[in-house]
Amino acid sequence: MQLPILLCASLAACGLAVGFNDVDKFRGREAPRAPRACKTFPGDLNWPSGSDWSRLNSSVAGALLRPLPPAAVCYLNSPAFDPARCSFLLQNAGRTTFYLDDPITVLTQWPQGNTCLAVRNSTGNCTQGGFPSYVVNATSVKQVEAAVKFARQNKIRLIIKNTGHDFVGRNTGAGALSIWTHYLKEFEFLPSYKQPGGGYRGSAARVGAGLQVYEAFAHAAKHNVTLPAASCLTVGSYGGWITGGGHSPLSSKFGLGVDQVLSLQVVTADGRSMTADPVTNPDLFFALRGGGGSTYGVITSAIVKAHPQINLTIAAFTFTVGASATQPGPDPTITNLTAFWAGFDAVFRFGVPTVDAGGYLWTNGIRLSNTSYTMQVRVQMPGLTPAETITFIQPLITSLNSLGIPLSNITPTTQIYSLQTGAIGGALGNGRFASRIFPRRAYTDPTLFAAAMTAARATVEDGYVFHGLNMAPTLRVAGFPAPAGVNPVWRDSVMHADVFDSTNMAGISDDAFRAAKRRLERHMDALRKATPGGGAYFNEADVQEPEWQDAFFGSNYGKLVSIKKKWDPEAVFWAPTTPGSEAWSVEGVDAEGIQTQNGRLCRV
Ligand SMILES: Cc1cc2nc3c(=O)[nH]c(=O)nc-3n(C[C@H](O)[C@H](O)[C@H](O)COP(=O)(O)OP(=O)(O)OC[C@H]3O[C@@H](n4cnc5c(N)ncnc54)[C@H](O)[C@@H]3O)c2cc1C
Ligand SMILES: *[C@@H]1O[C@H](CO)[C@@H](O)[C@H](O)[C@H]1NC(C)=O
Ligand SMILES: *[C@@H]1O[C@H](CO)[C@@H](O)[C@H](O)[C@H]1NC(C)=O
Ligand SMILES: *[C@@H]1O[C@H](CO)[C@@H](O)[C@H](O)[C@H]1NC(C)=O
Ligand SMILES: *[C@@H]1O[C@H](CO)[C@@H](O)[C@H](O)[C@H]1NC(C)=O
Ligand SMILES: *[C@@H]1O[C@H](CO)[C@@H](O)[C@H](O)[C@H]1NC(C)=O
Ligand SMILES: *[C@@H]1O[C@H](CO)[C@@H](O)[C@H](O)[C@H]1NC(C)=O
Ligand SMILES: *[C@@H]1O[C@H](CO)[C@@H](O)[C@H](O)[C@H]1NC(C)=O
Ligand SMILES: *[C@@H]1O[C@H](CO)[C@@H](O)[C@H](O)[C@H]1NC(C)=O
């Protein structure tokens with residue numbers, strides 16, 4: 001099996017698996033001229049003129065960019081052709097910050113339309129496809145205000161890109177003006193912050209929307225505090241992560257990303273910078289915390305909780321079933337398939353004790369061949385010492401030993417949470433996946449748990465990677481301020497799991513895509529049936545999630561749509577599967593039923 005590559009170069013932390021690039025699948029499908037109401041598109045009569053764009057450029061102090069797709073350097077007939085630069089893209093760019101510092105690259109490529117993939121000495125045509133036409137490289141609120149006003153007045157599509165990690169293309173769009181928040185990097189420590197309304201007093205930080213996890217951690221370490229953030233060190237801490245939910249190894253201790261936010265500064269559709277907190281514009285404050293990014297406004301900065309310094313201790317082990325057995329140790333191989341799957345269930349069963357002790361249980365079930373499987377496990381315990389962690393996991397190890405899995409000598413590592421390090425890079429991927437949030441009931445009801453485990457096992461046997469993250473971001477651990485727009489099912493959940501498909505979205509034929517979709521749907525239907533009352537995590541999900549409104553937002557959906565309509569009545573902002581997004585769709589590019597952003601955005 002070809003093990004999928006990772007979008008985040010910090011391999012140890014992320015464990016997110018997605019395929020890669022090869023042939024151009026979506027190229028050449030031009031959006032038809034639609035008679036209905038559409039956003040103004042390049043080539044239209046009322047598309048802004050060169051002098052209009054120059055005026056915008058002046059009003060943003062020269063920060064307007066018109067970037068080519070980076071892989072243009074690989075195309076023989078492009079004026080940008082440069083074989084040395086193309087070699088860099090193919091060989092090294094993914095291990096560097098090249099793509100993260102590129103104004104238009106999105107790490108998951110298919111939403112762009114795969115119109116300019118890096119292929120050595122390509123004889124094809126590289127086109128802009130679903131990449132935006134112009135980008136404002138914002139370093140100030142004023143520039144963001146000017147960009148929003150320009151897009152609204154000219155009725156052109158507006159998108160927001162921060163790091164480009166979004167998995168379904170909420171960060172890209174054909175014919176759009178993009179606001180790139182990557183360089184909004186301010187940081188100010190607020191040792192004794194008092195929230196308006198008095199709900200929170202304590203240490204906090206004012207953070208720019210462009211700070212990435214590793215940058216936020218460096219600031220936190222300097223001030224001896226903890227700023228919870230995504231596991232992948234290059235994700236944006238205060239863009240997509242807080243607006244979509246935001247889980248971390250500290251979720252069972254301090255709640256979700258949405259629970260860290262005390263106040264926001266946001267440029268709304270009228271082009272004005274507003275404060276959103278529990279007292280000022282509380283509806284906007286509610287919606288921006290988990291009701292989806294890219295739809296109510298552009299966050300420029302936030303004030304977030306700064307928790308006391310905490311250590312994260314991780315006990316990591318694997319067990320594998322294969323042709324021959326190995327000696328006891330932290331990574332044994334056994335030959336008994338029944339014991340392997342019983343061990344698989346035992347690990348997940350340990351999810352509830354883990355989350356109830358404030359921990360995060362990270363797992364990957366992976367098929368190595370038809371007769372060999374491996375289970376990777378990391379029990380992550382904030383605030384416990386290694387010795388306490390050994391004691392904590394002993395019941396799990398004992399039960400695995402009694403099944404005939406000779407795990408021993410597990411040595412936890414410990415580290416101050418904010419001092420986590422790893423490779424800082426961003427690689428491209430071209431895969432898709434689906435996910436499910438498991439309510440506690442799916443674990444405590446034995447019939448449901450058995451059905452959930454059968455369904456999870458079936459995904460692994462069928463070649464998917466089943467990536468489990470047990471956590472419990474309850475309202476109790478979330479603390480003030482509640483409520484938030486995030487799907488309420490999170491509050492009584494004990495696991496979020498991703499089912500990664502290794503199908504490469506670039507090389508695939510229409511028939512192969514449909515077959516892959518049906519195959520994944522069958523597995524997801526079984527998982528949904530075993531987890532009634534669950535949902536799916538907006539930020540790590542299938543763009544074709546059935547009844548996504550309910551799956552992503554649950555009982556908050558209606559309220560989120562009304563807040564969207566109030567703050568953005570003209571739909572200046574739009575991104576797929578955000579509240580109210582059903583009113584629009586991208587034309588002409590979804591023949592296979594998959595929504596790319598390579599086309600004109602029109603009212604439905
Ligand atoms: C390798 C990898 C690991 C991940 N690990 C985790 C994890 O541990 N925990 C977790 O919860 N998630 C994780 N994610 C998912 C991640 O949280 C989402 O992809 C998130 O949306 C990324 O946000 P971003 O700002 O970095 O990326 P972008 O793709 O740039 O933006 C994501 C979305 O947010 C919008 N947005 C960005 N900035 C703003 C802003 N300032 N104002 C308004 N809207 C904005 C964008 O328009 C887009 O819709 C991971 C993703 C990847 C690829
Ligand atoms: C915007 O202005 C700057 C500075 O004058 C210039 O370098 C840049 O090329 C301009 N951008 C566009 C898209 O013309
Ligand atoms: C690609 O083109 C360059 C420049 O024309 C040439 O030097 C190189 O050998 C070509 N590489 C391949 C693999 O064809
Ligand atoms: C590339 O563009 C040229 C000029 O528009 C066109 O003649 C050619 O067919 C295109 N090639 C491909 C592979 O689409
Ligand atoms: C964007 O702006 C930042 C900050 O001014 C600058 O360092 C960076 O080079 C700019 N990026 C591009 C592609 O212009
Ligand atoms: C950092 O914070 C921890 C936890 O609050 C505390 O025990 C420790 O003394 C602090 N260290 C410094 C250098 O202030
Ligand atoms: C593995 O199983 C699949 C489907 O059950 C089958 O098509 C394939 O031939 C098997 N491969 C091997 C190497 O046995
Ligand atoms: C395989 O493991 C199961 C579960 O531990 C056990 O019941 C069974 O006896 C084992 N089979 C063999 C052949 O060891
Ligand atoms: C936290 O981890 C560090 C090692 O990174 C260790 O020196 C320190 O003693 C730990 N603190 C606690 C409270 O366990």
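Fair warning: this is a prediction, and the values are worked out from it, not measured in the lab.
- A donor-acceptor pair under 3.5 Å is formed between the side chain of N401 and the backbone N or O of L407.
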Set out, in order, the CA-CA distance, both residues' side-chain angles and the distance that settles side chain to side chain contact (heavy atoms under 4.5 Å, CB included) for R432 and T503, then state yes or no. CA-CA 8 Å; R432 80 189 252 280; T503 304; over 6 Å; no

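- Between Q380 and P382 the shortest heavy-atom distance is O-CD, 3.5 Å.
- Within 6.0 Å of CD in Q91 there are more than 12 heavy atoms belonging to other residues, nucleotides or ligands.
- Proximity of Q309 to S418: side-chain heavy atoms (C-beta onward) are separated by under 4.5 Å at one or more points.
- Panel note: side chain S237, backbone A216; no donor-acceptor pair is recorded below 3.5 Å.
- Of the options W548, F553, W490, F552, a ring pair (Phe, Tyr, Trp, His ring centres under 6.0 Å) to Y537 is made by W490 and by none of the others.
- For T243 (side chain) and L288 (main-chain N/O), no donor-acceptor pair under 3.5 Å exists by modelled atom type.
- In this structure, T320 and T374 approach most closely via the heavy-atom pair OG1-OG1, 2.8 Å.
- The closest side-chain heavy-atom distance from L396 to F317 is below 4.5 Å.
- Rounded to the nearest 0.5 angstrom, Y99 OH and T105 OG1 are separated by 6.5 Å.
- Ring orientation note: the planes of H496 and H247 are tilted relative to one another, at an angle of 30° to 60°.
- For F392 and F350, the gap between ring centers is short of 6.0 Å.
- Using cut-offs of 30° and 60° on the angle between ring planes, the pair F438 and F466 is perpendicular.
- A salt bridge does not link K517 with D542: none of the charged nitrogens is closer than 4.0 Å to a carboxylate oxygen.
- When atom types are taken as modelled, the side chain of S369 and the backbone of S372 share a donor-acceptor pair closer than 3.5 angstrom.
- Side-chain atoms of T163 do not come within 3.5 Å of backbone N or O of V235 as any donor-acceptor pair.
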W241/H165 under side chain to side chain contact (heavy atoms under 4.5 Å, CB included): CA gap, chis, key distance, verdict: CA-CA 10 Å; W241 189 71; H165 277 88; over 6 Å; no

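- Proximity of N487 to N556: side-chain heavy atoms (C-beta onward) are nowhere separated by under 4.5 Å.
- With N470 contributing its side chain and V494 its backbone, the two residues share a donor-acceptor pair below 3.5 Å.
- Under 4.0 Å is where a charged nitrogen must lie from a carboxylate oxygen, and between R522 and D525 no such pair does.
- Here the closest heavy-atom approach between residue L560 and residue G485 is recorded as CD1-O, 3.7 Å.
- Between F340 atom CZ and L403 atom CG the span is 12.0 Å, to the nearest 0.5 Å.
- In this structure, CD in E388 is found 13.0 Å from CD1 in I393, a value given to the nearest 0.5 Å.
- In this structure, the side chains of T108 and M505 stay at 4.5 Å or more apart for every pair of heavy atoms.
- Nearest heavy-atom pair, T226 versus I310, reported as atom, atom and distance to 0.1 Å: OG1-N, 3.3 Å.
- Aromatic pair F254/Y417: centroids not less than 6.0 angstrom apart.
- The line from CD of Q260 to CD1 of I242 is 10.0 Å long, rounded to the nearest 0.5 Å.
- Side chain to side chain, T577 and R170 meet the donor-acceptor criterion of an N or O pair below 3.5 Å.
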Quick one: do M495 and T531 satisfy side chain to side chain contact (heavy atoms under 4.5 Å, CB included)? Show the steps, please. CA-CA 11 Å; M495 181 163 77; T531 54; over 6 Å; no

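- Within the model, atoms CE of M453 and CG of D345 stand 6.0 Å from one another, a figure rounded to the nearest 0.5 Å.
- For the atom pair CD1 of I410 and CD1 of I314, the computed distance is 14.0 Å after rounding to the nearest 0.5 Å.
- Annotation for G290 and V258: closest pair N-CG1, 3.5 Å, computed over non-hydrogen atoms.
- Applying the salt bridge (charged side-chain N to carboxylate O under 4.0 Å, His left out) test between D259 and each of R491, K253, R476 identifies R491 as the sole match.
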Carefully, step by step, assess V213 and C232 under the rule side chain to side chain contact (heavy atoms under 4.5 Å, CB included). CA-CA 7 Å; V213 174; C232 173; over 6 Å; no

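- Ring centers of F433 and F167: under 6.0 Å apart, within the cut-off.
- In terms of modelled atom types and a separation under 3.5 Å, the side chain of K305 and the main chain of G202 share no donor-acceptor contact.
- Inter-residue side-chain proximity for H219 and V225 is flagged as unmet; no heavy-atom pair is nearer than 4.5 Å.
- No hydrogens or angles considered: nothing links the side chains of Q109 and N114 as a donor-acceptor pair under 3.5 Å.
- Residues V352 and R440 have side chains in contact (heavy-atom distance under 4.5 Å, counting atoms from C-beta outward).
- For the pair P546 and R528, the minimum side-chain heavy-atom distance is below 4.5 Å.
- Residue L527 comes nearest to A455 through the heavy atom pair CD2-CB, 3.7 Å, listed as atom of the first residue, atom of the second, then distance.
- Side-chain atoms of N504 come within 3.5 Å of backbone atoms of A506 as a donor-acceptor pair (strictly under, hydrogens ignored).
- Side chains of P249 and S231 form a contact here, defined as non-hydrogen atoms less than 4.5 Å apart.
- The one candidate from F344, W341, F319 that meets the ring pair (Phe, Tyr, Trp, His ring centres under 6.0 Å) condition with Y373 is W341.
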